[in-house]
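No hydrogens, no waters, no symmetry mates; every other heavy atom, side chains included, goes into these values. Predicted model, so just to flag it, every value in this text is computed and none were measured. Below, read A as the first sequence line, B as the second, and so on, with proteins coming before strands; counting in each chain starts at 1.
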2 protein chains.
Amino acid sequence: MREFTIGELSRLTQVNIETIRYYEKIGIMPNPPRNSSGYRVYSAPYFERLSFVRRSRELGFSQPEVRKLLTLVDEHKYTCAEVREMTVMHLSTVRSKIKDLRKLEKVLANMVSECDGGDIPDCPIVDILSAVPDADRKKPTTTGQPFS
Amino acid sequence: MREFTIGELSRLTQVNIETIRYYEKIGIMPNPPRNSSGYRVYSAPYFERLSFVRRSRELGFSQPEVRKLLTLVDEHKYTCAEVREMTVMHLSTVRSKIKDLRKLEKVLANMVSECDGGDIPDCPIVDILSAVPDADRKKPTTTGQPFS
DNA sequence: GCTTGAGTCTGTAGCGACTACAGGCTTTAT
DNA sequence: ATAAAGCCTGTAGTCGCTACAGACTCAAGC
């Protein structure tokens, strides 16, 4: 069976060497065997597991989620329903992130459109940023720039 | 002029007390005066600066970006063009995040739609997650699940 | 005056998910 | 033989906070 050094595994999986060691430390990757001088010796199953982890991370699954996915796979007793449920939940958090970012996008786009980009120190964006928080709309006693 | 304790400032700005102290430590907020027993004493300009910071963070500006915005404002010599440029750049990173998340959403939605949610340990989502990385499509010698 | 509870103080450690060294050993290539 | 590249461990840094611990102070009620 083909064997890899950590560097080869890193190149093959596109996962940083330190990240691989980090995954080992936190128990996401199992401790691989070592050769006579203490180097880690990886083989195909490690490659596959690491690919799985990488792909899951790429798709935005969190560390605990990845852990759970791995457990399900490891223990050979996961059901499609369980995996699907995790994915559905993850999908909904992705969707709500998109929603939030779109709101943000609108606000920022408005800010930019209200600003003429002139050379003088007078900018509507700064005014918008200086707005007081929602929780307490009563204006404080002064109205100047903070520490200007 | 109205004065606040840190707790009052926290309530008014909706910024956590520890976060206010943290901002002070990292220099985003200036050191406020202290009363005889060492309590921080805030006043309107602090309130305004903290509101500015909060709003900027809400809009997703990073710590260095906030710092830069503050410097521009503090030094009274920012130009509208500079602020606008930062905002435009920030807007474009927000847009690319949205793009990425939408790709993600598609992949996840596809994964879910291919999965029938059955009770048996056989799931197309796991197969997708197990796919090898792009960088090296040559399959390794084995094809089994990682560590299953 | 005394107590109780809330508020504040400093300092440190933790989170997630890595990344970046330092300082030393081993392997490989020339 | 020597230099470069690779690997090892361990620790500290990143960002943006949050959560304590342990000590002090303040305001209100009795």
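A:Phe61 has its CZ atom 13 Å from the P atom of C:dA17, to the nearest Å. Rounded to whole angstrom, the span from the CD atom of A:Gln14 across to the P atom of C:dC18 amounts to 15 Å. Taking atom CD1 of residue B:Ile17 and atom P of nucleotide C:dG7, one finds them 8 Å apart after rounding to whole Å. In this entry the distance linking CD of A:Glu18 with P of C:dC21 reads 9 Å, nearest Å. Going from atom CG of B:Asn16 over to atom P of C:dG14 covers 20 Å, rounded to whole Å. If you take NZ of B:Lys25 and P of D:dC17, they are 13 Å apart, rounded to a whole angstrom. Between the P atom of D:dG16 and the CD1 atom of B:Ile28 lies a distance of 8 Å, rounded to the nearest Å. Nucleotide D:dT18 holds its P atom 13 Å from the CD1 atom of B:Ile6, rounded to whole Å.
Contact between the side-chain N/O atoms of B:Tyr23 and the OP1/OP2 oxygens of D:dC17 is found at a separation under 4.0 Å. Checking the phosphate oxygens (OP1, OP2) of D:dG16, no side-chain nitrogen or oxygen of B:Arg21 falls inside 4.0 Å. Contact annotation: B:Ser37 reaches the phosphate of D:dC26 (side-chain N/O to OP1 or OP2, under 4.0 Å). Phosphate contact (OP1/OP2 of D:dC15, side-chain N/O of B:Tyr22, threshold under 4.0 Å): absent. Within the structure, a side-chain polar atom (N or O) of A:Thr5 is placed less than 4.0 Å from OP1 or OP2 of D:dC7. Side-chain N/O atoms of A:Thr19 include none lying less than 4.0 angstrom from OP1 or OP2 on C:dA17. Of the side-chain N and O atoms in B:Arg40, none sit less than 4.0 angstrom from OP1 or OP2 of C:dT8. A close approach under 4.0 Å does not occur between any side-chain nitrogen or oxygen of B:Gln63 and OP1 or OP2 of D:dC15.
The side chain of A:Ser62 has C:dA17 as its nearest neighbour among D:dT25, C:dT26, C:dA17. Taking the side chain of A:Arg34 as heavy atoms from C-beta on, and the options C:dA17, D:dC24, D:dT9, the nearest nucleotide is D:dT9.
By the 4.5 Å heavy-atom criterion applied to side chains, B:Tyr22 and B:Ile28 are not counted as neighbours.
Annotation: of the two residues near DNA chain C, A:Arg57 and A:Asn35, the 5′-most nearest-nucleotide partner is A:Arg57.
When all heavy atoms of B:Leu104 and A:Val94 are compared, the pair lying nearest together is CD2-CG2, 4.1 Å. Here the closest heavy-atom approach between residue A:His90 and residue A:Thr93 is recorded as O-OG1, 2.9 Å.
One finds a salt bridge joining B:Arg55 and B:Glu58 here, because a Lys/Arg side-chain nitrogen approaches an Asp/Glu carboxylate oxygen to under 4.0 Å.
One finds the CZ atom of B:Arg57 at 5.5 Å from the OH atom of B:Tyr23 (value rounded to the nearest 0.5 Å).
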